[in-house]
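Okay, structure first, notes after.
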Amino acid sequence: MWSDSLNSLTSAQREAVEHLDGPLLILAGPGSGKTRVVTHRVANLLRHGVAARQIVALTFTNKAAEEMRSRLEVLAPGGGVWMSTFHRFCARLLRQHAATVGLDENFTIYDTSDSRQVLRRTLDQLDLDTTLYTPERLTGAISWAKNNLITAAQYQPRSGHPLGHVVAKVYPAYQARLLASSAVDFDDLLLHVAVMLRDNPEIRATLDERFRYILVDEYQDTNLAQYTIVRGLSIDHPNLAVTGDPDQSIYGWRGANLSNILDFEKDYPDVHVVKLERNYRSTKRILRVADSLIGYNQRRKAKGLYTENDEGQSVSLVAYPTQRLEAETIAARIAEEIRAGRRRPRDFAIFYRVNALSRSLEFALRDEGIPYQMVNGLEFYQRKEIKDVLAYLQLVNNPRDDNAFLRVINTPPRGIGKTTIGHLIAHADRRQLSLVDAARESGLIEALNKRAAVAVAKFMALYDQLSLVAAAPVEEILGHVLSASGYQQFLIDSEDEEDQERLANIEELLTAAREFDERHPTDAPLETFLEESCLVNDTDAWQADDDRVTLMTLHASKGLEFPVVFIVALEEGLLPHERSREANDLLEEERRLLFVGITRACEELQLSLATYREFRGQRRRTVPSQFLMELPRGEMDVVEPNATARVEWETSPDEHAWDESSGDELGDVDFNPAEFDATDAEPVTPSPAATDAAAVVRMTMTPLTTAAELHRVQTAEAPRVPPEAFHQGMVVRHPEYGLGKVVALSGNGIRRTATIAFASAAGQRKFMLASSNLRPAKSE
DNA sequence: TGTGAGTTGATTTTT
DNA sequence: TCAACTCACA
């Protein structure tokens with residue numbers, strides 16, 4: 001059976017799969033079956049007797065890790081191989097060795113917005129003038145330093161760099177604050193581990209011994225910290241296999257260092273290099289377009305991409321008069337293809353450089369009734385209500401977490417305002433206490449008036465009450481938080497419609513917690529749940545099997561493929577982005593970004609631009625992207641902007657009267673189609689009618705499978721009210737104790753348990769729902 | 001202390 | 001355009 005699957009590999013792929021010991025570099029072009037090779041190789045290692053726990057595969061996204069895990073499961077069922085993102089891997093290592101870097105093992109991980117708040121407070125404390133430098137620029141500079149393994153103590157401003165001098169002051173203070181709260185930011189996860197490996201030879205050796213075989217995916221995107229970690233773990237056992245493609249390095253702005261992959265052969269002179277150059281994904285035409293474009297980059301390793309696939313259709317390049325027409329025409333074309341039965345929604349993807357460009361596309365798709373899913377900005381775990389509730393958990397998990405304390409102390413409002421909080425902070429600073437400890441001494445703070453002191457004391461009572469259930473299943477803890485803090489009631493009482501939506505989101509969070517509890521029935525430390533919730537990202541929520549058109553940024557598209565791809569807004573300032581003009585290596589990265597986008601397409605590809613585009617609420621004349629001049633004319637089908645404009649005007653002049661005065665400017669674009677061999681330029685006609693496709697649903701997070709429903713045990717004494725009928729905050733009736741409210745829920749199936757707070761003297765009691773006499777009360 | 005209006009300022013990509 | 005932050009007022 002094994003040899004069968006081995007036979008299905010090409011000789012180059014096989015070469016990589018059969019390499020066992022020693023360093024290995026797999027240079028894998030787009031669509032070359034890289035994941036297949038990596039998973040086969042892991043299976044091969046296992047087959048040769050390498051223990052699963054000695055292998056670790058590191059990726060950048062959870063999605064990539066998940067993909068590998070599921071594909072390996074097919075080849076070598078049973079698992080046990082650790083596949084994880086760098087950040088999660090580091091979080092786990094750091095939990096085990098927290099003390100060596102000055103953290104508690106229950107440290108909190110701050111996401112970007114948490115870190116920014118900490119930085120803000122640091123700036124307030126230092127009394128620095130923030131008008132000169134935005135917190136964003138400062139966090140950026142600190143992040144850069146951390147990714148380059150420059151610790152707060154080591155940071156030296158470069159002379160002549162005013163920003164550097166501010167950073168030199170802020171960085172140490174910011175870092176001290178994080179440590180005092182026993183918290184880390186994303187970059188710290190890597191930095192701490194890298195420093196730990198460097199400064200503790202015995203720990204390094206132990207881990208090197210433990211992780212004998214290391215695989216790194218997307219190696220071209222590693223930064224110095226990641227490089228150091230991987231190297232540190234591959235000294236005694238240099239069985240390091242990395243895969244990557246220098247042409248797909250698109251995270252330079254995050255500190256990714258292209259040299260890591262370009263110089264891999266210098267780091268490991270006896271490295272075995274395998275090149276995967278055959279593409280199984282795209283048509284010949286698409287591949288030639290991609291190849292031509294990327295050829296303009298200087299800093300790369302030339303490689304010969306080729307494919308045995310069909311020639312395919314020409315790649316089309318369309319210049320639309322306006323952004324709106326661009327969106328509408330694309331949507332119309334998609335609708336037409338679906339209506340004609342040629343394609344399904346999931347065959348299409350639309351990519352853009354920045355999230356802000358998604359709006360007009362969304363509107364157009366919605367108008368056509370086309371279902372779509374968007375991988376975008378405001379993700380679930382960034383929502384206010386979710387962050388609020390999670391902050392309670394963070395504080396329960398880590399009492400030193402000042403950031404969480406400040407978030408929840410007056411959420412929902414409980415009369416603890418700015419002044420009171422100011423006093424608490426001052427007291428904490430004076431006595432070198434965490435805010436929780438300072439709040440405990442609120443009676444001793446003279447500046448506090450009685451009312452404030454009482455309010456703080458009440459909050460502390462709440463906190464202590466929540467701490468008591470810290471070891472319970474996460475769903476149950478969450479339930480107590482929602483009930484005891486009054487947060488849920490606060491939202492229920494609210495008039496604001498938005499708050500009703502928030503309740504629904506919280507409901508989703510409860511479901512997520514329940515699912516987590518199921519996955520971790522025994523070891524369910526709260527911190528693992530918190531870790532999961534802050535290390536997930538947008539792309540993770542993307543679902544391949546949903547039958548919807550996909551909208552995403554070019555960055556998010558890496559690793560995916562679609563039959564038909566549209567890339568919009570190929571305009572100067574957007575692609576390449578204006579910030580990339582300063583330096584050539586930034587420009588090359590933009591080119592790689594477009595390369596990544598182009599190579600996602602299997603069969604059809606359309607690139608487009610608009611002569612006028614909305615920008616900060618204003619209409620702007622655009623300039624075509626310089627990259628357009630780097631595409632091979634022979635492969636392209638160029639649609640003349642004038643023709644497009646004329647057709648559109650005749651179709652519905654009123655609809656598109658975007659600017660009364662600019663009608664005669666329409667054909668006057670800087671983009672000259674004659675530059676291309678546009679022999680058969682054919683105007684794009686929008687389809688007349690929208691299809692009656694399913695309703696558009698904007699995805700907020702992964703729909704969670706209710707495994708409980710599968711598990712449900714139907715016993716003879718099945719309750720008349722099924723356990724699933726009960727939910728958080730619901731009012732119930734008990735024959736003996738009377739009316740009560742669901743405070744918390746936990747467990748599954750017949751073991752599902754509810755904590756009920758009764759209005760009567762019965763107080764709080766726990767019930768097994770399957771065997772209890774509880775009923776939902778009529779009114780809520 | 002909490003709310004609301006008004007202003008300002010910033011807008012790449014993500015773990 | 002839009003979100004976040006400030007300031008004034010109840």
Side-chain angles (χ1 to χ4, degrees), chain A residues 58-65 84-91 109-117 120 124 130-131 134-137 139-140 143 146-147 184-191 218 221-223 225-226 249-256 351-360 375-379 381-382 384 409-422 449 451-452 455 496 531-540 552-558 569 573-581 586 589-590 592-594 596-597 613-620:
Chain A
L58 299 172
T59 64
F60 278 82
T61 65
N62 296 304
K63 181 160 60 73
S84 151
T85 63
F86 267 100
H87 290 264
R88 258 181 218 235
F89 176 73
C90 288
I109 302 170
Y110 283 167
D111 69 14
T112 319
S113 66
D114 296 325
S115 324
R116 207 186 56 216
Q117 280 169 346
R120 270 234 156 76
D124 287 349
T130 52
T131 50
T134 63
E136 282 70 29
R137 281 193 72 184
T139 42
S143 174
K146 288 184 174 179
N147 286 328
V184 299
D185 61 23
F186 285 148
D187 301 314
D188 278 339
L189 286 172
L190 305 175
L191 176 69
E218 308 281 12
D221 287 330
T222 51
N223 58 35
Q226 287 156 330
S249 163
I250 54 177
Y251 288 105
W253 53 274
R254 260 175 69 187
F351 304 150
Y352 32 81
R353 176 65 231 264
V354 297
N355 272 313
L357 288 170
S358 71
R359 278 226 314 187
S360 53
V375 176
N376 83 326
L378 193 64
E379 55 177 308
Y381 286 101
Q382 291 297 319
K384 181 188 181 308
I409 178 84
N410 201 32
T411 316
R414 44 176 78 89
I416 302 176
K418 235 183 186 168
T419 331
T420 309
I421 293 172
N449 62 38
R451 200 174 59 175
D496 199 339
E531 192 174 299
E532 270 192 22
S533 55
C534 69
L535 293 180
V536 295
N537 88 71
D538 292 344
T539 354
D540 300 333
M552 54 170 59
T553 64
L554 286 161
H555 280 91
S557 75
K558 192 162 75 165
L574 280 169
L575 188 62
H577 194 271
E578 55 191 341
R579 294 237 200 149
S580 67
R581 285 213 200 116
L586 295 179
E589 180 153 316
E590 296 287 308
R592 290 193 292 266
L593 195 51
L594 180 55
V596 166
R613 189 169 297 278
E614 308 285 328
F615 186 68
R616 279 190 219 167
Q618 286 200 318
R619 190 182 317 278
R620 286 259 192 111

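Just so it is clear: chains get the letters A, B, ... in the order the sequence lines come, proteins before strands, and each one is counted from 1. Note: hydrogens, waters and symmetry copies are ignored here, and every other heavy atom, side chains too, is used.
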Counting side-chain heavy atoms from CB outward, which of B/dT1, B/dT14, B/dG2 is closest to A/T419?
B/dT1
Hey, which of these two, A/N449 or A/V354, hits DNA chain B nearer its 5' end, going by closest nucleotide?
A/N449
Phosphate oxygens OP1/OP2 of B/dT11: is one of them under 4.0 Å from a side-chain N or O of A/N355?
no
Can you check whether A/T420 has a side-chain N or O nearer than 4.0 Å to OP1 or OP2 of B/dT1?
yes
Exam field: side chain A/E590 to backbone A/H577, donor-acceptor pair closer than 3.5 Å
yes
Rounded to whole Å, the CD-C1' distance (A/E589 to B/dT13) equals 9 Å
Kindly say whether A/N355 contributes a backbone atom to a donor-acceptor pair with the side chain of A/T553 at under 3.5 angstrom?
no
Extract from the structure each pairing of a protein N or O with an N or O of nucleotides 2-9 of chain C at less than 3.5 Å, listing the distance.
unit_1, atom_1, unit_2, atom_2, d
C/dC2, OP1, A/R359, NH1, 2.6

Closer to the 5' end of DNA chain B via nearest nucleotide, is it A/L190 or A/P413?
A/P413
Would you kindly give the NZ-to-P distance between A/K558 and B/dT13, to the nearest whole Å?
16 Å
Under 4.0 Å, counting only non-hydrogen atoms across every strand here, what does A/F86 touch: a base, just sugar-phosphate, or nothing?
nothing
Distance test, side-chain N/O of A/S557 to OP1/OP2 of B/dT13, below 4.0 Å:
no
Whole-Å distance separating the CD1 atom of A/I250 from the P atom of B/dT13:
12 Å
For A/I409, does its backbone N or O pair with a side-chain atom of A/R414 as donor and acceptor, under 3.5 Å?
yes
With a 4.0 Å cut-off on N to O distance, would you call A/E614 and A/R620 a salt bridge?
no
Take atom OH of A/Y352 and atom P of B/dT13, then tell me their distance rounded to the nearest Å.
10 Å
Name the nucleic acid region contacted by A/N410, choosing base, sugar-phosphate or nothing; use a 4.0 angstrom heavy-atom cut-off, strictly under.
sugar-phosphate
Round to a whole Å and report the spacing from NZ of A/K63 to C1' of B/dT14.
13 Å
List in chain and number order the residues that pass ring pair (Phe, Tyr, Trp, His ring centres under 6.0 Å) with A/F186, two or more places apart in sequence or in another chain; answer none if no residue qualifies.
none
Distance check needed: B/dT14 C1' versus A/L554 CG, whole Å only.
15 Å
Verify the ring-centre separation between A/F60 and A/H87: is it less than 6.0 angstrom?
no
Spacing of A/L357 atom CG relative to B/dT11 atom P, expressed in whole Å
16 Å
State which residues pass salt bridge (charged side-chain N to carboxylate O under 4.0 Å, His left out) with A/R592; sequence neighbours excluded, sorted by chain then number.
A/E589
Whole angstrom is fine here: how far is it from CZ in A/F60 over to P in B/dT13?
18 Å
